[in-house]
Each structure stands twice: as C-alpha cells, then as structure tokens.
There are 2 protein chains.
Amino acid sequence: MKPKISDVAKVAGVSPTTVSRVLNNRGYIGEKTRKKVEEAMKQLNYFPNDVARSLFIKKTFLIGVIFPTTTNPFYGQLIFHIENIAASLGYKILLCNSQGQEDKERSYLRMLQRNQVDGIIAGAHNRGVKEYDIPTLPVVGVDRYLSGNIPVVSSDNYDGGRQATQLLINKGCENIIHINGPILLETPANLRRKAYEDVMRDNQLTPITYETEGNNQAVIKQLFDENPQVDSIFASDDLIASAVMREAKIRKRNIPSDFKVIGYDGTETTRLLLPELSTIQQPIREIAEKTIEILIKEINEEGDSQMETILPVRLIEGETT
Amino acid sequence: MKPKISDVAKVAGVSPTTVSRVLNNRGYIGEKTRKKVEEAMKQLNYFPNDVARSLFIKKTFLIGVIFPTTTNPFYGQLIFHIENIAASLGYKILLCNSQGQEDKERSYLRMLQRNQVDGIIAGAHNRGVKEYDIPTLPVVGVDRYLSGNIPVVSSDNYDGGRQATQLLINKGCENIIHINGPILLETPANLRRKAYEDVMRDNQLTPITYETEGNNQAVIKQLFDENPQVDSIFASDDLIASAVMREAKIRKRNIPSDFKVIGYDGTETTRLLLPELSTIQQPIREIAEKTIEILIKEINEEGDSQMETILPVRLIEGETT
DNA sequence: TTGTAGGCGTTATCAC
DNA sequence: GTGATAACGCCTACAA
C-alpha cells in the first residue's frame, strides 16, 4: 500500500506531526530530525496525499475548465495556455468538453462542484445554463456572458468585425457577406456581426448574414447560389473561411483578384496549415492570462475584478484579401 | 458554507447514515424517509463532497492525461475523445501539457500521484522518464514506449509509412525524401521512417531522411537546396506537410504534377483546413477507446491486457499526390 | 428500517 | 523542538 505520514513517522522514529512539519516547512524542526524524516520519505517513496490535505484545508487547487471541444484549434490553444499558466501557479485543470450541449454542461457543473474545484472557467456556447449562479464558487466566462455577476474576458470582437469588414471595403469589395455560427445573443462574439452590419451600413452597403452550425458546406453553397454577385466573405472563424475558400475554388473564383475571404481566430494551427488566409487574430495567450488572473483573484476573495475585460485583436493580412 | 451530510440529516430529521444511504442507494430505506431526505437535499442545494468520499473509498475516478500540447490538432482531438469516453464511464481528466519537456513531465507525474489519480495516460515525447515505473499506479502509453511493463496503444505506424511511400512510388516518384520530428527510438512513430526506408530499398531507391524540431521551415529549405532532384516528400505529420507545400509553391514546383506531398495524421482540423492534402489518417477515436479500455482494466485489476495494441490506419488520397 | 462509532490521511491547536 | 488530539466530510461495520 501507499505509505502515509504515520508510516514515515514510524521509520523516522518521530511523530506524524513532525513529519507534517517537515513536509510543509512549518514551525521549528531540528536539523537532524528533518534529515531523518527526509530520508524516511525517500526510503518509502512517500508522496503526500492531496485528497486528504484538500479535505482538511478545504481547498483543492483544482480549476474546472468547460469548453465545447479541444478538437477545435482555438479552444485547444486556449486550453493549452490556461493549463500552462494555471500549472505555474500551482493549480490543476479538470477538463470538460461540453460539445455545446446544455445537458452535458449542466452535468459537468455538478461534477465540478462535487469535486470541490476552487473555480471554473467556462467558454461553452450554450445559453440558458442558469446553474452558473453558484454563490460560493468563482466562475469566469470566456467570450460569453453567463450571468449578470460573472466576469467575462474576451477579445475585442466589435473591433475585429470592424477591421475585417473595413479591410474588404478598402480593397474595393461591395458585396460582402458575413457568415458565422449560430447567433447567440449572449456571446460577445456576436459583436463581430454587429460591427460588420454597422460598417456596411455606414458605407451604404447592404449587410447579409448567413448562419451555419459548425462547418456546413451546404450553407456555403447556398450562399453562393443565392448571391452570385458576392465578391467577398467575412467568416466568423478560420475553419469556415477555409470552407468558403474551397467552395470559391470549385466555382472558379480566383482569390484574391476575383473574390476575397477573411477569417477569424488566427490560431497557431491555422497559421501553419493555411498561412495565406487573411484573418483577425485573437490574443489567445493574453485571454488565458487575464482569465486566470481574474479567477484567482476571485478565489482569494480579493474581489473588485472588472466585470468585462476586452483585449485587442490584430489584423493579419494574408493573400486572400 | 456548503451544506454537508449532517446538515441534510438535521433538516430531514434523520441520521447522517440515512442520508448517506439515500445518496448511494444502499441498504433499506423507507419511502417516506427517502422523500424527506431528498427534499432536504434540494432545499439546501446539497452536493456530495467527492474529496471526502475519495479519501474514504481510496478511489478518485481521476485519470491523469499527459501529452505535449492541446494546441497540436492531433493531441487536441485525441484528448477530446479520451475525455469524452472517460466521462461516459464516470472518470474525469486531469490535463497536463508537458510541452515535450522532461522536467515538466516528471513534475506532472508527481502531481498526479499526490492527487491520487486512478491511472495515467501518457503520450509525451520524452525519453528516459523512468518515473513511469510506478508499481501501484496503472499507466498506458499512446504511441510511445514508456517502460517494459507498460501497455502501449498506437496505430499501425509501419503500415502507414509503407502505404505513404508505396503510393508515391506507384505515382512514379523516384526521389522521395522523408521528413519527420526528432527521431526517438522509443516511439512507435519511428516505425514510419523504418517502413519508408524498407520500401525505398525494396524498390532500389535511396532513402533520405531529414529531421526537424516542430515546424522548422529552415530545415525544409535546406532539404530543397541540398536535393534539387527531389520529386516528392513523405512528411511525418500534416503540419510539416503543409510547410513543405508552402516551400514547394515558393519554388514554383507544381503540385501534384511536378511535385508530390503526403502527410500523416489526418485530423479533423487538417481535413477542414487542408482538404487537398493526401495523408495517412490515424484512427484517433479508436486509439482513445482502446487506451481507456486497457487503462480501466488495469485500474480494476482485471489484468492480462495485451502489451501492444496496433490499430489500422487509412490512406486518404487528396490532390497532392 | 435506522442510528452510533470509528477511520480514511492530513493539518492546526495546544500541551509538554 | 516535538508530540497527542481533534477535525475536515464521508462511508461502512455493527448495534438497536
């Protein structure tokens, strides 16, 4: 069986208390005793039991992280940074892939509470999960409004939408169509669309928005069929932009001379696989940093964190505009 | 404060034991009592404390998962499936991004032991981490040999390498170069290279292999400079293949007529962003399933799981060959 | 059918 | 400096 503190104590010829003291560097310990204890620990290959410790100190150093799926490069990269930064601060990540399903999200939420996580970072796409209002548990949202009193961190979606649309207009486009995922009023990402519509109207152009669940090639085909005059597309993420490019090629539209595309996210993976794509790059690392900073402040009850944090985006001009 | 079993008991007017019985559906409980208890739980918004429970039953239903980074689409997708399947079996995932650094991997290993995980799934790229030999802790490796008595799950890397090389030969290529990440003898992925070399020799062709750390455009440039006669490349992953394609375009090599490329992995993301790329697709979902199946067998001490599991790969012919 | 007592491994408190 | 004791929240004998 796994050795426990009392086993170490026995071997070292001291009391459990003393072993605990050595472990946590607390109180006064004689140098010889410390040596003895440390040797006993090594000899038994002792590891402290954090479950027992957590039970006592009522803190787990666990953070629950709920996103749709690590398969998506944006979330994959975001979660990487979250885990990485959390680890450097002594926190560990309990990973939850909600797949955008409300019921899963709810059951993850229960699971996380049962596991006594110190806090939760949530960036799933569901609306209406009221369970986030957990009085005793700090929660921070990423790119998503969860509830009135939960802080949200996001990048500047409005400015991103504005820059993307403006770029296409500057390049002479007039029939710009926006295509995005399901429109959720609760998400700041919806601001991309609002910015697009505002900029279009400001330029006496008619905004047209298509919605697609995930990567729906059919919607894109339909878009082209219904709008033969379309000369450019602002896609709400790079995956959709890629699908648009594919369809454009099928229709023998020459990019960028004849047809332009700009995406959104600018993840590492997209930059590697599709470097020619123009895109609005989100500051993923900074989002992760800020999110954790706020969460840990809440955990430590250093309150007063701002309710909404907006980080700047960056336009990357590739060869598709 | 969070309510505990005794709080529920007080409200329901019963003893803590009875509440525990209702919670776990164990032993005989009167219907009225059960109702009372359930109502008390609802009223107090009670959640069982899994930390305390884990301490008692000596089981956490936690699985530690160590991979280089969720940013990489292959690992992102693999981890998604692992988490997903684990969740359906009542297990939770503690996520660790080792970034291919031995020291991080070692410290994650310590962390996981302290947290009393029931098992570990590891697929990082390090060699020489002897700490995996933990007598009391089940470990399963993915695409990687960890130690003599740790089961490994991987796809058929030899066959994948064979198919890729053979395809290029069938298409008339003669100057095929293989390019991959750092060559680690311990990893089954190295078999891709061996297969490439075997097939080349079987066809009286000279194998040439280049190594690159991550996505090193410089190595690829060098490869082209040193081998102007190269007519095709078998890349050990799709990211590298993409970089090769980029360089080929810069050098005005026409794909596929003048120059061919085949990659490896065939993740969802790659298929979306670079659908034209020919590749060897790994059965990621199946790898996850098999890995968890074996791990849970080990956890339940139903021993006798096979030490090496090899899953079939699938050739996807795109437009780059 | 329900209740009491003890322990899971750790740490804080208070003696010595 | 070091040790005994109680408690964290839960679960399983055993008793009633």
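Every chain is numbered from 1 and lettered A, B, ... according to where its sequence line falls, protein lines coming before strand lines.
- Put simply, A:Thr33 has a side-chain N or O that comes within less than 4.0 Å of OP1 or OP2 on D:dT2.
- The nearest whole Å value for the distance from the CG atom in B:Leu23 to the C1' atom in D:dG9 is 12 Å.
- Set against D:dC11, C:dC8, C:dT11, the side chain of B:Arg53 has D:dC11 as its closest nucleotide.
- Distance from the side chain of A:Ala52 is smallest for C:dG9 among the nucleotides D:dG9, D:dG1, C:dG9.
- Mapping B:Pro16 and B:Leu55 onto DNA chain C by nearest heavy atom places B:Pro16 closer to the 5' end of the strand.
- Proximity of B:Asn84 to A:Asn97: side-chain heavy atoms (C-beta onward) are nowhere separated by under 4.5 Å.
- One interatomic measurement links the two molecules: NZ of B:Lys58 to C1' of C:dT10, which rounds to 13 Å at whole-angstrom precision.
- For D:dG1, its base never sits under 3.5 Å from the side chain of A:Arg34 at any donor and acceptor pair.
- In this structure, the NZ atom of A:Lys32 is 10 Å from the P atom of D:dG1, given to the nearest Å.
- Counted within 6.0 Å of CD on A:Glu302, heavy atoms from surrounding residues, nucleotides or ligands total more than 12; the atom is thus considered enclosed.
- The phosphate of D:dC10 (OP1 or OP2) has a side-chain N or O of B:Tyr46 nearer than 4.0 angstrom.
- Where B:Phe56 and B:Ile29 meet DNA chain C, the nucleotide closest to each residue was compared, and B:Ile29 sits on the side nearer the 5' end.
- Rounded to an integer number of Å, the gap from CG of A:Asp50 to P of C:dC8 is 19 Å.
- With hydrogens and angles ignored, a donor-acceptor pair closer than 3.5 Å exists between the side chain of A:Thr17 and the base of D:dA4.
- At least one cation-pi condition fails for A:Lys104 and A:Tyr108: the charged atom is not both under 6.0 angstrom from the six-membered ring centre and inside a 45 degree cone around its axis.
- In this structure, the CG atom of A:Asp7 is 13 Å from the C1' atom of C:dT10, given to the nearest Å.
- Ion pairing of B:Glu39 with B:Lys35 is absent here, as no side-chain N (NZ or NE/NH1/NH2) approaches a carboxylate O to less than 4.0 Å.
- Using a 4.0 Å heavy-atom cutoff across all strands shown, A:Val51 reaches no nucleic acid atom at all.
- Put simply, A:Ser15 has no side-chain N or O that comes within less than 4.0 Å of OP1 or OP2 on D:dT2.
- When rounded to the nearest whole Å, the span between NZ of B:Lys35 and P of C:dT1 equals 15 Å.
- Listed pair A:Arg26 / C:dT11 fails the phosphate criterion, with no side-chain N or O lying under 4.0 Å from OP1 or OP2.
- For the pairing with A:Ser54, the side-chain contact (heavy atoms from CB on, under 4.5 Å) check across A:Leu62, A:Asp118, A:Thr60 returns one residue only, A:Thr60.
- At least one side-chain nitrogen or oxygen of B:Asn24 sits closer than 4.0 Å to the OP1 or OP2 atom of D:dC11.
- Between B:Arg21 and the phosphate of C:dT1, there is no side-chain N or O to OP1/OP2 separation shorter than 4.0 Å.
- Of the candidate nucleotides D:dC11, C:dG3, D:dG9, C:dG3 has the atom lying nearest to any side-chain atom of B:Thr18.
- Checked for salt-bridge contact, A:Asp50 and A:Arg53 meet the test: a charged N lies under 4.0 Å from a carboxylate O.
- Whole-Å rounding puts the B:Glu31 CD to C:dT2 P distance at 10 Å.
- Taking the side chain of A:Lys4 as heavy atoms from C-beta on, and the options D:dC10, C:dT2, C:dC8, the nearest nucleotide is C:dC8.
- A:Ile5 has its CD1 atom 15 Å from the C1' atom of D:dT5, to the nearest Å.
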